[in-house]
Amino acid sequence: MPEEIAAENLAALNSMVARAENLSLLLKLIERSTSIAVVRDFLKNRDIAHSAASWDDLRAKRIIPAIDEGKLTFADLFALLRRTEGFGRQHIFLFRCPVERAVAMIAEERVRNLLLEKGVDAAGDDPLVVDLPPVPTFVDVRFEQVGDTKSMTLKEIEKRTSKKLKSEVTDDEAMTYTRVYKVEHQRAINVARLWSNGLLEVRIASRDNATRYHDELTHFFNRLKPIIARNEFVDVSLRQLKKNLWAKRADLQNLVKFSTYTLQDDEGMSLRANTVLSTDDLAGSERIANSLAEFNADTVRCSDSNIYFKIVEQGEIVKEIHVLLNGEDNEFAVTAAITEEEYEYVLRQVLHHN
């Protein structure tokens with residue numbers, strides 16, 4: 001009998017430790033993925049005390065007591081992580097496949113069975129919370145519907161390793177030259193979302209000092225097989241988007257700001273315009289517009305552009321989201337972390353003006 005009680009106590013203790021570890025990791029990931037203001041609003045919307053001067057205060061004085069009092073659950077925090085993690089600081093690639101194939105590929109039972117074959121239990125509603133998995137790991141699958149259009153979203157966590165030079169030492173006597181690097185690990189988030197209308201978004205986490213993502217995209221597609229097969233999709237070119245935004249710049253002045261715009265012809269000759277200050281807008285310069293118009297021709301296209309999509313509320317600009325239109329024809333990038341709602345806003349503008 002004493003042994004059974006001891007075993008029960010040990011099991012309860014282990015459960016408490018595991019719960020505390022999961023909560024600690026979950027809060028750490030939320031802190032990495034968003035701002036303290038977003039979390040305060042999250043608590044405020046649930047009528048939970050939300051004032052805090054720091055992340056430490058927010059955790060110790062607001063979130064943990066709210067969980068202990070039953071005002072906040074792990075599911076609530078999972079939902080917050082889902083809404084804030086994996087949006088922004090990414091390169092987004094757009095593809096399309098026939099509608100009937102998309103509908104077949106996102107069938108819920110099919111996806112869950114294929115994930116089980118990969119060792120991922122996607123039967124529950126809570127995502128797997130991991131920090132730096134030894135191999136790229138699918139942690140979450142979501143099935144949603146907007147109007148008549150359904151979607152399936154897969155999120156993957158990847159551990160990336162990089163090295164930074166810390167010191168250089170020359171030893172003339174030994175005739176050696178030594179460099180010391182610090183190895184660093186980053187938590188990268190890759191996402192694939194397939195819609196029943198055939199649209200596929202693939203979001204690859206940005207790398208420092210990287211401009212091309214062909215290898216990362218290829219590797220991610222290989223890991224997505226057989227749930228999503230690359231050979232079933234064609235690229236969605238964004239050439240028309242780049243052209244339309246500039247052509248309609250006068251009508252879109254409350255929506256878009258331009259900081260750079262580059263035209264290139266078939267021979268590789270290019271003409272680039274850029275602003276000096278971050279507050280300036282190329283669209284407001286008649287001289288720039290005239291110069292670009294002189295270079296423009298049927299054989300000329302916009303090769304890249306730096307733009308800002310404006311979010312306007314009650315006639316006031318509340319935020320500008322930096323978007324890079326460069327790289328592959330079907331690629332755009334969001335340079336900073338943003339919320340789910342802000343990402344959906346950018347995506348709508350990209351698709352609408354393309």
Side-chain angles (χ1 to χ4, degrees), residues 88-96 199-204 206-218 233-312 317 319-336 338 342-343 345-354:
R89 289 200 291 254
Q90 293 171 321
H91 286 249
I92 298 96
F93 299 82
L94 301 182
F95 306 87
R96 190 169 293 280
L199 177 68
L200 171 65
E201 311 153 45
V202 176
R203 312 203 295 267
I204 302 294
S206 299
R207 281 186 177 274
D208 292 339
N209 303 318
T211 58
R212 296 297 184 212
Y213 287 81
H214 176 270
D215 290 345
E216 287 83 357
L217 188 62
T218 299
F233 294 85
V234 296
D235 295 359
V236 175
S237 173
L238 298 179
R239 288 193 180 190
Q240 199 62 38
L241 168 70
K242 301 170 189 176
K243 181 179 179 180
N244 287 342
L245 290 178
W246 181 254
K248 300 175 181 178
R249 61 192 179 279
D251 296 332
L252 300 176
Q253 60 182 338
N254 292 324
L255 174 70
V256 182
K257 183 179 76 176
F258 292 83
S259 64
T260 70
Y261 194 80
T262 305
L263 292 176
Q264 186 176 63
D265 65 17
D266 288 348
E267 296 178 353
M269 302 290 287
S270 64
L271 179 65
R272 180 179 178 86
N274 60 272
T275 60
V276 177
L277 302 175
S278 60
T279 54
D280 290 341
D281 186 354
L282 285 177
S285 172
E286 187 175 344
R287 287 183 302 165
I288 291 293
N290 291 338
S291 297
L292 292 171
E294 286 187 18
F295 185 74
N296 208 351
D298 291 340
T299 59
V300 172
R301 65 182 180 88
C302 174
S303 60
D304 69 77
S305 181
N306 272 277
I307 65 171
Y308 294 81
F309 281 116
K310 303 175 184 179
I311 297 179
V312 179
I317 299 173
K319 187 168 186 175
E320 293 181 340
I321 301 174
H322 188 198
V323 174
L324 301 178
L325 298 175
N326 58 14
E328 304 298 330
D329 264 359
N330 65 330
E331 175 185 359
F332 69 95
V334 179
T335 60
I338 56 177
E342 290 165 348
Y343 171 76
Y345 171 76
V346 169
L347 181 63
R348 285 197 303 272
Q349 300 306 323
V350 167
L351 296 175
H352 176 70
H353 294 286
N354 196 42

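FYI, the numbering just counts along the sequence from 1.
- Between the side chain of Asn330 and the main chain of Ser237, no donor-acceptor pair closer than 3.5 Å is present.
- To the nearest 0.5 angstrom, Leu245 atom CG is 15.0 Å from Lys257 atom NZ.
- For the atom pair NE2 of His352 and CG of Leu241, the computed distance is 11.0 Å after rounding to the nearest 0.5 Å.
- With hydrogens and angles disregarded, a donor-acceptor distance shorter than 3.5 Å links the side chain of Asn244 to the backbone of Gln240.
- The 12-atom threshold is exceeded at CZ of Arg96, counting heavy atoms of other residues, nucleotides or ligands nearer than 6.0 Å.
- Residues Val202 and Ile92 have side chains not in contact (no heavy-atom distance under 4.5 Å, counting atoms from C-beta outward).
- No side-chain heavy atom of Phe93 sits under 4.5 Å from any side-chain heavy atom of Leu200.
- Taking the ring centre of Tyr343 as origin, the terminal cationic atom of Arg203 falls inside the region bounded by 6.0 Å and 45° from the ring axis.
- Here the OG-NZ distance, from Ser303 to Lys242, works out to 7.0 Å after rounding to the nearest 0.5 Å.
- Here OG of Ser305 is found 8.0 Å from CG of Leu282. Values are rounded to the nearest 0.5 Å.
- Of the residues listed (Glu331, Glu216, Arg207), the one engaging His91 in a side-chain hydrogen bond (donor to acceptor under 3.5 Å, both in side chains) is Glu331, and it is the only one.
- The shortest side-chain heavy-atom distance between Leu271 and Thr262 does not fall under the 4.5 Å cut-off.
- Heavy atoms from other residues, nucleotides or ligands lying under 6.0 Å from CG of Asn290 number more than 12.
- Here the side chains of Ile204 and Gln90 are not in contact, with every heavy-atom distance at 4.5 Å or above.
- Lys319 is listed as a side-chain neighbour of Ile338, based on a closest heavy-atom distance under 4.5 Å.
- Aromatic ring pairs are classed by plane angle as parallel below 30°, tilted from 30° to 60° and perpendicular above 60°; the pair Tyr261 and Trp246 is parallel.
- In this structure, Arg272 and Asp304 have side chains that are in contact, with non-hydrogen atoms separated by less than 4.5 Å.
- Rounded to the nearest 0.5 angstrom, Leu351 CG and Leu238 CG are separated by 8.5 Å.
- In terms of modelled atom types and a separation under 3.5 Å, the side chain of Asn306 and the main chain of Val323 share no donor-acceptor contact.
- Residues Arg249 and Val256 fail the side-chain proximity criterion, which asks for heavy atoms closer than 4.5 Å.
- A donor-acceptor pair shorter than 3.5 Å cannot be found between the side chains of Asn274 and Thr260.
- Between Lys310 and Asn254 the shortest side-chain heavy-atom distance does not fall below 4.5 Å.
- The number of heavy-atom neighbours closer than 6.0 Å to NZ of Lys243, taken from other residues, nucleotides and ligands shown, is 12 or below.
- Between atom OG of residue Ser259 and atom CD1 of residue Ile307 there is a gap of 9.0 Å, rounded to the nearest 0.5 Å.
- Classified by interplanar angle (parallel below 30°, tilted 30° to 60°, perpendicular above 60°), the ring pair Phe309/Tyr345 is perpendicular.
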